[in-house]
Student: 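First, the structure itself, so that you have it in front of you.
Remember, predicted model here, so these are calculated numbers, not experimental data.
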Amino acid sequence: STQSRSSAASDVYKRQQFDYDVLIAPRSAVLHFIADDGAIIYLNDQEIARVRMPNTSPINFLTQALENTDSDWEGPFPFDPSLIRAGTNVVAIEVHQSDPASNDVAFGLSLDMTVDAGRIDDVILSEALADNRSMNGTDWVEIFNPSLLPVDLSQTSLTDSLSRTPSWSFPPNTYITGFGRQVIHFNPNSPPSNDNTGFGLSASGDALYLIEDQDNAARIIDSITFGLQTPNISLARVGPDQHWGPAIPTQGSDNLEAAVGDVTSIRINEWLARASQGPDWFEIYNPGSDVVDLSGLFLSDDFLSPFKHQVRKHSFLGAGQHAWRQFIADSQLEDGADHVAFKLGGSGDNIAVFTAEGGIIDFVTFGPQASDQSEGLQPDGGTRISRFATSSPGLSNQTEQDRDLDGMEDEWERVNGLDPNDPTDAAIDSDDDELTNIEEFLLGTDPRSETSGLRIDRIEHLLSLIHI
């Protein structure tokens, strides 16, 4: 900088702080500077350079530089790199003129350090949140450098597919410090930036790759493929062995493993097997208070073929308000980890959940289904099966559907002149056709018409052998 000054003194004093956040000392350090006319430079109260100034002491504000010089960069001036501290450092300079009558001063400084760098292969994917429903609502990924040395990320990128774009590259001169963590956002609603990829992650299953880009070739440094993610639960490296598991989101901090519940407590909670538009589906419910790991479980509609569909690795089901998960029964596995390899039969079928070894966890067997009406458990995870005129995939079966818990959906009761708040009307035969209102609801018949009833067209004898 160049400044005008009073001629009452022969010098100018400056101080500047800088932070050094690398865990190891630099291997070498040098100065380059402009000094009009002479200068003494200090680092953390230690002199590291002196130019065109007397070697005698003391030096004070009246001391003049030994000669006049034009402003130009000089150096390099090596100095002891151990003088650089971890954390905050202070550079102090004093600039002296050779002529007390001079009315300008010029000084500029650059400090360059050589620091040993770590290997890019040491850097890992550490945590990912693919279903962020917090206030900021942005998915994110954290990378971690478990080594002591800083690592240059300039030639690396992130992508969720090796066969197509988009991908996102770290900006030039981007370093991750030793034992450091760096968070990158995955917001498709904002343009790519230094910390946002411009594309999102899929909560119904996705992949993530950390790639080194060199010489027109890509090399995978680390990767993770995951299945169904539950809201506000991240997928992270946890435990002593650093396995991937559900975690409490802690972006930029040490990973915090989430408590995992008993997966054998899950229930098949609702199903729609005769949809006039769109695919059939069923729902699984977690009645526990902790997230459960669905990885490796088998789903099937045939007790004799329990291994029809295996839930993708790193798939989780939440608890509380996120305790329900819809599965699409359309055999379209390419559409996501929430699609299964079988369809449901509207004339009657089975749905079963098996352990990875083939042991049964839960099952339902249902008969002929009404068009566009789901069936399910009431209350959630209970033992009574009810038919719902209004389906609730991925939500509680008690969401304003059966407030009086009489097994009949509230809207159906209102349409048919019954009281959604009166549990006793379920046992009434409103139209004297020898069918109670709850039986009419389950059969899909009209409780106001005695001619609307169940007719048996034929009886078939079926023999099934079920292994459990």
Student: When you measure from the side chain of Asn269 to the backbone N and O of Glu283, does any donor-acceptor pair fall under 3.5 Å?
Tutor: no

Student: Start with the C-alpha gap between Lys313 and Phe226, add the side-chain angles, then the distance that decides, and say whether side chain to side chain contact (heavy atoms under 4.5 Å, CB included) holds.
Tutor: CA-CA 6 Å; Lys313 192 174 182 180; Phe226 55 85; over 6 Å; no

Student: Does a side-chain heavy-atom distance below 4.5 Å link Val311 with Leu299?
Tutor: yes

Student: Picking from Asn286, Asp362, Asp380, what satisfies side-chain hydrogen bond (donor to acceptor under 3.5 Å, both in side chains) with Arg267?
Tutor: Asp362

Student: Tyr175: what forms a ring pair (Phe, Tyr, Trp, His ring centres under 6.0 Å) with it, not counting sequence neighbours?
Tutor: none

Student: Establish, from distance only, whether the side-chain atoms of Ser157 and Asp213 form a donor-acceptor pair under 3.5 Å.
Tutor: yes

Student: Atom OG1 of Thr383 and atom CG of Leu377: how far apart are they, to the nearest 0.5 Å?
Tutor: 8.0 Å

Student: Counting only N and O atoms by type, is there a donor-acceptor contact under 3.5 Å from the side chain of Asp139 to the main-chain atoms of Gly200?
Tutor: no

Student: Closer than 3.5 angstrom, by distance alone: can the side chain of Asp338 be matched with the main-chain N or O of Ser204 as a donor-acceptor pair?
Tutor: no

Student: Flag the pair Val263 / Leu294 as yes when at least one side-chain heavy-atom distance between them is below 4.5 Å, and no otherwise.
Tutor: yes

Student: side-chain hydrogen bond (donor to acceptor under 3.5 Å, both in side chains) with Ser430: which of Asn416, Asn437, Thr436?
Tutor: Asn437

Student: Do Gln310 and Leu297 pass the side chain to side chain contact (heavy atoms under 4.5 Å, CB included) test, and can you show the C-alpha distance, the side-chain angles, and the key distance before you say yes or no?
Tutor: CA-CA 6 Å; Gln310 188 169 33; Leu297 297 184; over 6 Å; no

Student: Can a donor-acceptor pair be found, under 3.5 Å and without considering hydrogens, that links the side chain of Asn132 to the backbone of Ala130?
Tutor: no

Student: Between Ser331 and Lys343, what is the shortest heavy-atom contact and its length?
Tutor: OG-CG, 4.0 Å

Student: Do Asp290 and Val260 come close enough that some side-chain heavy atom pair is under 4.5 Å?
Tutor: no

Student: Taking Thr197 for its side chain and Phe199 for its backbone only, find out whether a donor-acceptor pair lies under 3.5 Å.
Tutor: yes

Student: From the options Leu272, Asp280, Asp330, select the one residue that forms a side-chain contact (heavy atoms from CB on, under 4.5 Å) with Leu344.
Tutor: Asp280

Student: Is a donor from one side chain sitting under 3.5 angstrom from an acceptor on the other, for Glu127 and Ser234?
Tutor: yes

Student: How far apart are the closest heavy atoms of Val151 and Ser147, and which atoms are they?
Tutor: CG2-OG, 4.5 Å

Student: Kindly write out the residues that satisfy salt bridge (charged side-chain N to carboxylate O under 4.0 Å, His left out) with Asp254, not counting sequence neighbours, or none if the list is empty.
Tutor: Arg181

Student: Counting only heavy atoms from other residues, nucleotides and ligands, does the tally under 6.0 Å from CD of Glu257 exceed 12?
Tutor: yes

Student: Atom CD of Gln373 and atom CZ of Arg274: how far apart are they, to the nearest 0.5 Å?
Tutor: 11.5 Å

Student: Here's a test for you: under ring-ring contact (aromatic ring centres under 6.0 Å, His included), which of Phe354, Phe282, Phe303 qualifies with Phe363?
Tutor: Phe303

Student: What is the minimum heavy-atom distance between Ser315 and Ser295, and which atoms define it?
Tutor: N-OG, 3.1 Å

Student: Do side-chain atoms of Trp168 reach the backbone of Asn196 as a donor and acceptor pair under 3.5 angstrom?
Tutor: yes

Student: How long is the span from the CG atom in Leu228 to the CZ atom in Arg312, to the nearest 0.5 Å?
Tutor: 7.5 Å

Student: Find the distance between CD1 (Ile211) and CD1 (Ile120) and round it off to the nearest 0.5 Å.
Tutor: 12.0 Å

Student: For a quick test of reading the model, state the closest non-hydrogen atom pair linking Val291 to Leu317 and the distance between them.
Tutor: CG2-O, 3.1 Å

Student: Taking everything shown except Asn173 itself, do over 12 heavy atoms lie less than 6.0 Å from its CG?
Tutor: no

Student: Tell me, yes or no, whether the heavy-atom count around Glu334 atom CD, taken from other residues, nucleotides or ligands under 6.0 Å, exceeds 12.
Tutor: yes

Student: Do Ser167 and Thr159 have side-chain atoms, one donor and one acceptor, less than 3.5 Å apart?
Tutor: no

Student: How close do Glu434 and Asp429 get, heavy atom to heavy atom, and via which atoms?
Tutor: N-OD2, 2.8 Å

Student: Check whether any side-chain heavy atom of Phe298 sits under 4.5 Å from a side-chain heavy atom of His309, and report yes or no.
Tutor: no

Student: Calculate, to the nearest 0.5 Å, the distance between atoms NE2 and CD belonging to His322 and Gln229 respectively.
Tutor: 13.5 Å

Student: Do we see a donor-acceptor contact under 3.5 Å between the side chains of Ser374 and Glu270?
Tutor: yes

Student: Between Phe366 and Trp271, how do the two ring planes meet: parallel, tilted or perpendicular, split at 30° and 60°?
Tutor: parallel

Student: Do Leu158 and Leu125 come within less than 4.5 Å of each other through their side chains, counting heavy atoms only?
Tutor: yes

Student: For Gly367, is there any backbone N or O sitting under 3.5 Å from a side-chain donor or acceptor partner on Gln369?
Tutor: yes

Student: Checking side chain to side chain contact (heavy atoms under 4.5 Å, CB included) for the pair Ile351/Phe327: CA distance, chi angles, key distance, verdict?
Tutor: CA-CA 11 Å; Ile351 308 171; Phe327 286 88; over 6 Å; no

Student: Could you measure the distance from the OG atom of Ser449 to the CG atom of Asp433? Nearest 0.5 Å is fine.
Tutor: 8.0 Å

Student: Given side chains that start at C-beta, do those of Phe170 and Ile143 come closer than 4.5 Å, heavy atoms only?
Tutor: yes

Student: Considering residues, nucleotides and ligands other than Gln332, do more than 12 of their heavy atoms fall under 6.0 Å from its CD?
Tutor: yes

Student: Find out whether Ile220 and Leu162 are in side-chain contact, i.e. whether some heavy atom of one side chain is under 4.5 Å from a heavy atom of the other.
Tutor: yes

Student: Under the side chain to side chain contact (heavy atoms under 4.5 Å, CB included) rule, what do Trp324 and Leu395 come out as? Steps first, then yes or no, please.
Tutor: CA-CA 6 Å; Trp324 299 265; Leu395 298 171; 5.7 Å; no

Student: Is it the case that the side chains of Asp302 and Ser300 hold a donor-acceptor pair, with the cut-off being a distance below 3.5 Å and no angle test?
Tutor: no

Student: Does Glu411 offer a backbone N or O that forms a donor-acceptor pair with the side chain of Glu409 under 3.5 Å?
Tutor: yes

Student: With heavy-atom distances below 4.5 Å as the criterion, would you say the side chains of Glu142 and Val183 are in contact?
Tutor: yes

Student: Main chain of Ala207, side chain of Asp160: is a donor-acceptor contact present, judged purely on distance under 3.5 Å?
Tutor: no

Student: Would you find a donor on one side and an acceptor on the other, under 3.5 Å apart, between the side chain of Asn89 and the backbone of Ile84?
Tutor: no

Student: What pair of heavy atoms forms the shortest contact from Ser391 to Pro393, and how long is it?
Tutor: C-CD, 3.5 Å

